[in-house]
Number of protein chains: 2
Amino acid sequence: MYEGGMERLPQITALRSFEVVARCLSFTQAARELNVTQGAVSHQVKGLEKLLGVRLFHRERQRLRLTDAGTGYLPFVREAIDRLKAGADYLDARENSGVLTVSVSPNFAAKWLVNRLGVFSASHPEIDLRVTASLQHVDFNSKDVEMAVRHGHGDWPNLHVTKLAREEIFPVCSPDLLREGAALESPEDLAQHVLLHDASRNDWPIWCAAANLDTIDVSRGPSFDQTSMVIDAAIAGQGVALARSALAAHDLRTGKLVRLFNVTLPAPYGYFIVSPKASSDHEKVRKFRAWLVEEAGADAAALATTV
Amino acid sequence: MYEGGMERLPQITALRSFEVVARCLSFTQAARELNVTQGAVSHQVKGLEKLLGVRLFHRERQRLRLTDAGTGYLPFVREAIDRLKAGADYLDARENSGVLTVSVSPNFAAKWLVNRLGVFSASHPEIDLRVTASLQHVDFNSKDVEMAVRHGHGDWPNLHVTKLAREEIFPVCSPDLLREGAALESPEDLAQHVLLHDASRNDWPIWCAAANLDTIDVSRGPSFDQTSMVIDAAIAGQGVALARSALAAHDLRTGKLVRLFNVTLPAPYGYFIVSPKASSDHEKVRKFRAWLVEEAGADAAALATTV
DNA sequence: TTCATACATGAAAATATTTAATGATACGAG
DNA sequence: CTCGTATCATTAAATATTTTCATGTATGAA
């Protein structure tokens, strides 16, 4: 199997056995410490001695003694094991605190995260959160990203998925517009207002259909290429927007937007927290997920009272 | 099997696989370097990632990249492997040169080794020979001794045994005595000489029986507790000794002793070079053994011409 | 002597690793 | 665009290694 110049590195179990035996000077006791039988330790040490071609212990009547070779070899083994433990510690430390990189869409970042991150950071100073916004779903295989918030159906195989928020669509406008503009008592009043669209320009036609409203011209009004910009335009009093609940929730709670009428369109997608299975139970991932879910729960509770 | 605080150290194969893959950034190429299949490397790295609970590589379309975790972990692994290699090198260095400890009987040391060691040391300056003389056979299990010359039947199980010399018993005396003392033409002439005995005082009776000689009183003469002293007494011209071939060979070759008559008694024992199987093929052991055998061969050749 | 303790050992059982075959995906050349 | 090549992943089967189990041997104590 193995050839000439091959490196014959000993097995870790053999090295560990050697190290423990060298410390206890007893196979039996070492076996106890290693949670194996005495025979296993005996075999391991014997195998190591054979591999190295050197006797590591003097087997004397009642006691064990290291040979000169064993005495000289021991520190190398101790250092090697130490490095491995240090490596494991390094990985633990790095996973249990430090940087948490989260990928979200630019919209979610702008309308959901940015307004609340301060709260999270204040209560979790040990977590150094890094938000990376991208239109595409992040590929966990090729980026050092531990979790993401995604908009979709929640069907991502091989990922740990937690539902964050359902999504509904309903009209919103700024409180100023409601107070000072033309009346907005019923859907029909929209005829007197600017309709704000997203890039698809599909939402208003669908909503109007749901509201049995065919008296207004849904082709009117400006459109924006980012959902967040539609909402921001509404906040600025530019007109009436169709908001998606998750993204508008914060502005509704803080009174920058008000919800109009009582016609709500369920949206096909929802927001989900996803992470690779391997990192899904890391301390910092769990903490951030719990916080997201809590915030979303508060949003939902607040939304339920807006109409 | 393993519980809570258990140390989960990775297997060496997994670490080596990781290290090579990190260097090649290719499972396939790493597999070639490790002389295993690509699948084996894939399994190993996957297992390591699972054990550590961390992704070590980004698997991208065409290439592999270390994750941050992998990048940080790699140096620990390199150091650990390096320590292990250094340990192996240390053992190799210590076995391939440096000290060679040989256990022999005091007689063999005095009458065989001491006169020739200079030659060996001169031609093998890299070997630091340490001779330890003891009456008892050394216990390789409890002493840092790599080889021994033993007197016996050559039946030592578990040891590597090489025959060094047969043993014969015959009368010797100093050339001065032969030249200047009473005649020593035939065994009967021994009646006129002092017989030198070892502690057992058995040899002369047996030799006389073999020589069909019943005319002399074998109870005469001093005895010595070490065989070497019997020979030294003969060299000093104190009388005629029954020498054992191996121990007298050097003095015969250098003319300090002469062999008498033609009656030789085969001795039941011989001299053997023994060493633990593990160290029997070490460079320095092989060298010293070869030298011993060569010297013994020269002795035998020289002895064959003495009568 | 007999008991208790410690290490060695050989065969069987339990695990782990490696292979071989195949799948999936991406890239580049016609 | 399709094929051929190269890469990594995955599965079950073949191997190899490790551990246990059941003893064996030797020593020191009672």
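Side chains are part of it too, since the values below use all heavy atoms of this structure and drop only hydrogens, waters and symmetry mates. Proteins get letters first, then strands, A, B, ... in listed order; numbering begins at 1 in each.
Computed from coordinates, the A:L56 CG to C:dC7 C1' distance equals 16 Å when rounded to whole Å. Here D:dA9 presents its C1' atom at 12 Å from CG of B:L64, a figure rounded to the nearest Å. Protein atom CZ of B:R55 is 10 Å distant from nucleotide atom C1' of D:dA9, rounded to whole Å. Note: CZ (B:R32) to C1' (D:dA6) measures 10 Å, nearest angstrom. Put simply, CG on B:L34 is 14 Å from P on C:dT17, counting in whole angstrom units. C:dA14 atom P lies 19 Å from atom CG of A:N35, rounded to whole Å. A straight line from NZ of A:K50 to P of D:dT17 spans 10 Å, rounded to a whole angstrom. The interatomic distance linking B:R16 (CZ) with C:dT17 (P) rounds to 15 Å, in whole Å.
Using bins of under 30°, 30° to 60° and over 60° for the plane-to-plane angle, the ring pair B:Y271/B:F108 lands in the tilted bin.
Contact check, A:R59 against C:dA8: a side-chain N or O comes under 4.0 Å of OP1 or OP2. Between A:S42 and C:dC7 there is no side-chain N or O to OP1 or OP2 distance below 4.0 Å.
Side chain of A:V36, nearest nucleotide from D:dT20, C:dA8, D:dA9: D:dT20. Closest to the side chain of B:K46, out of D:dT10, C:dA8, D:dT18, is D:dT10. Set against D:dT18, D:dT20, C:dT17, the side chain of A:T37 has D:dT20 as its closest nucleotide. Comparing D:dT19, D:dT10, C:dT18 by their nearest atom to the side chain of A:T13 picks out D:dT19. Between C:dA8, D:dT19, D:dT10, one nucleotide has an atom nearer to the side chain of A:A40 than all others, and that is D:dT19.
A donor atom on one side chain and an acceptor atom on the other are not found under 3.5 Å apart for B:S105 and B:N107.
The residue A:T28 sits close only to the backbone: its heavy atoms come under 4.0 Å of sugar-phosphate atoms, none of a base.
Ring centroid separation for the pair A:H124 and A:W291 does not come in under the 6.0 Å cut-off.
A residue-by-residue look at B:H43 and B:Q29 shows that B:Q29 has its nearest nucleotide of DNA chain D further toward the 5' end.
Heavy-atom minimum distance, B:S275 versus B:R289: OG-NH1, 3.7 Å.
A salt bridge is defined here as a Lys NZ or Arg NE, NH1 or NH2 lying under 4.0 Å from an Asp or Glu carboxylate O, and B:K287 with B:E283 meets this definition.
Scanning atom types as modelled, one donor and one acceptor separated by under 3.5 angstrom connect the side chain of A:Q38 and the base of C:dA8.
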